[in-house]
Novice: 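This is the structure I want to talk about, given as structure tokens.
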Amino acid sequence: MTIGVLGLQGSVAEHIKLIKSVNKKIDAIVVRTIDELATVDGLIIPGGESTTLRILLDEFKLYTPIKARVEAGMPVWGTCAGMILLANRIEGERPYFGLLDIDVKRNAYGRQIDSFVAEGDFAGMYVGMVFIRAPIVTRVGADVEVLAEHEGKAVAVRQGNVLATAFHPELIAKDNRIHKYFCGMVENCK
Ligand code: GLN
């Protein structure tokens, strides 16, 4: 099984390392081309800057193939900027992929200096949550499961094969449990 990490911008290496640590049989590769995308069973869209990622995804002609793969059932996990790109609605902007029935508000926790670390429950596991200029989820659709909350707001959600976290699990270096959860999603749909 191979998991791809979209490698245009953002925290790519950290995701690769944690996926590789889950299980020797699971490989992780950087995805920058349509051909690389075709070889993976699941895709992580990392955090970074969603405005930059939009431009690069268009430039690398990855919008249509990613959208088609996810619609055909490939598991995808967006962290932070990745969550923004997957959302059906982004306050004040046009949506990008529109593959996840949530509304988000960008940078809603404040400026860079307002980035913070919290702890909480993610699908029954107690985990650390690193928020870096994270989006706030302002609406969760009826078919969307909330996996984690922070101060009463959803910060991890799942709709079938689409997983999104407002925080950055890849920045908690020794904890691969959420990566393991995503690997389970990919394994189950193979
Ligand atoms: N603030 C960024 C955005 O709006 C997201 C930040 C992140 O991915 N850590 O795209």
Novice: Do Phe182 and Val162 belong to the same hydrophobic cluster, where Ile, Leu, Val, Met, Phe, Trp and Tyr are linked whenever their side-chain heavy atoms lie under 4.5 Å apart, directly or via other members?
Specialist: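 Not linked; separate clusters.
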Novice: Supply the atom-to-atom distance Asn188 CG to Cys183 SG, rounded to the nearest 0.5 angstrom.
Specialist: 11.0 Å
Novice: Rounded to the nearest 0.5 Å, what separates atom NZ in Lys61 from atom CG in Leu56?
Specialist: 12.0 Å
Novice: Is Leu6 close to Phe60 at the side-chain level, that is, under 4.5 Å between some pair of heavy atoms?
Specialist: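 A side-chain contact is absent here, since even the closest heavy-atom pair is not under 4.5 Å.
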Novice: Given Val157 and Leu147, is the side-chain contact (heavy atoms from CB on, under 4.5 Å) satisfied, shown in steps?
Specialist: CA-CA 5 Å; Val157 292; Leu147 297 174; over 6 Å; no
Novice: Output, in order, the C-alpha distance, side-chain angles, deciding distance and verdict of side-chain contact (heavy atoms from CB on, under 4.5 Å) for Glu36 and Val30.
Specialist: CA-CA 8 Å; Glu36 284 161 352; Val30 177; 5.7 Å; no
Novice: Indicate yes or no: at least one non-hydrogen side-chain atom of Glu170 is less than 4.5 angstrom from one of Lys17.
Specialist: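 No; the side chains remain at least 4.5 Å from each other.
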Novice: Distance-only, no hydrogens or angles: does the Asp101 side chain make a donor-acceptor pair with backbone N or O of Asn88 under 3.5 Å?
Specialist: no
Novice: Hey, could you give me the CD1/CG distance between Ile172 and Leu18, rounded to the nearest 0.5 Å?
Specialist: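 Here the rounded value is 10.0 Å.
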Novice: Give me the atom names and distance for the closest heavy-atom approach of Val104 to Thr138.
Specialist: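 Minimum heavy-atom contact is N-OG1, 4.0 Å.
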Novice: Find the distance between OG1 (Thr33) and CG (Leu62) and round it off to the nearest 0.5 Å.
Specialist: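 Between Thr33 OG1 and Leu62 CG, I get 7.5 Å after rounding to 0.5 Å.
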Novice: Flag the pair Glu187 and Lys180 as a salt bridge only when some basic side-chain nitrogen lies within less than 4.0 angstrom of an acidic carboxylate oxygen.
Specialist: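 Salt bridge: no.
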Novice: Search all heavy atoms of Thr79 against all heavy atoms of Pro169 and return the closest pair with its distance.
Specialist: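 Closest approach of Thr79 to Pro169: CG2-CD, 4.0 Å.
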Novice: With under 30° as parallel and over 60° as perpendicular, where do the rings of Trp77 and His15 fit, or are they tilted in between?
Specialist: perpendicular
Novice: Considering non-hydrogen atoms only, spot the tightest contact between Ala123 and Tyr181 and give its length.
Specialist: CB-CE1, 4.3 Å
Novice: Would a hydrophobic clustering, with Ile, Leu, Val, Met, Phe, Trp and Tyr connected at side-chain separations under 4.5 Å, put Ile102 with Tyr96?
Specialist: yes
Novice: Between Arg54 (side chain) and Leu85 (backbone), is there a donor-acceptor pair under 3.5 Å?
Specialist: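 Not a single qualifying donor-acceptor pair exists.
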Novice: If hydrophobic clusters are built from ILVMFWY residues whose side chains come within less than 4.5 Å, do Val186 and Ile178 share one?
Specialist: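 Yes, one cluster joins them.
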Novice: How about Arg69 and Leu43: do any of their side-chain heavy atoms sit closer than 4.5 Å?
Specialist: no
Novice: Using the benzene-type ring in the case of Trp, are the ring centres of His150 and Phe131 under 6.0 Å apart?
Specialist: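 Between His150 and Phe131, the centre distance is under 6.0 Å.
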Novice: Check whether any side-chain N or O of Arg32 sits under 3.5 Å from a backbone N or O of Gly7 as a donor-acceptor pair, and report yes or no.
Specialist: yes
Novice: To check you understand the geometry: which heavy-atom pair defines the closest contact between Thr165 and Ala156, and what is its length?
Specialist: CG2-CB, 3.8 Å
Novice: Will you find, in the side chains of Gln9 and Thr52, an N or O donor that is under 3.5 Å from an N or O acceptor?
Specialist: no
Novice: Given side chains that start at C-beta, do those of Ile132 and Leu171 come closer than 4.5 Å, heavy atoms only?
Specialist: yes
Novice: For the pair Arg177 (side chain) and Met125 (backbone), establish whether a donor and an acceptor sit closer than 3.5 Å, ignoring hydrogens and angles.
Specialist: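 The answer is no, because no donor-acceptor pair under 3.5 Å joins these two groups.
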Novice: Mind listing the closest non-hydrogen atom pair of Lys153 and Ile136 along with its distance?
Specialist: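 Heavy-atom minimum between the residues: CD-CG2, 3.4 Å.
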Novice: Under a single-linkage definition using a 4.5 Å side-chain heavy-atom cutoff for Ile, Leu, Val, Met, Phe, Trp and Tyr, are Leu86 and Val137 assigned to the same hydrophobic cluster?
Specialist: yes
Novice: Take Arg158 and Met185 through the test side-chain contact (heavy atoms from CB on, under 4.5 Å) and record every step on the way to the result.
Specialist: CA-CA 11 Å; Arg158 175 173 174 183; Met185 282 173 62; 3.5 Å; yes
Novice: So, for Lys20 and Asp27, which heavy atoms are closest and what is the spacing to 0.1 Å?
Specialist: CE-OD1, 3.6 Å
Novice: How far apart are the C-alpha atoms of Arg106 and Glu49, what are their side-chain angles, what is the distance that settles it, and do they pass the salt bridge (charged side-chain N to carboxylate O under 4.0 Å, His left out) test?
Specialist: CA-CA 10 Å; Arg106 290 180 62 204; Glu49 191 58 45; 2.8 Å; yes
Novice: Give a yes or no on whether Phe167 and Tyr109 share a hydrophobic cluster (residues Ile, Leu, Val, Met, Phe, Trp, Tyr; joining criterion: side-chain heavy atoms under 4.5 Å apart).
Specialist: yes
Novice: Return the CG to CE distance between Leu100 and Met83, rounded to the nearest 0.5 Å.
Specialist: 7.0 Å
Novice: Can you check side-chain contact (heavy atoms from CB on, under 4.5 Å) on Leu53 and Ile84, steps first, answer last?
Specialist: CA-CA 10 Å; Leu53 278 165; Ile84 295 166; over 6 Å; no
Novice: Drop me the distance from Met74's CE to Ile66's CD1, to the nearest 0.5 angstrom.
Specialist: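 Reported value, rounded in 0.5 Å steps: 7.0 Å.
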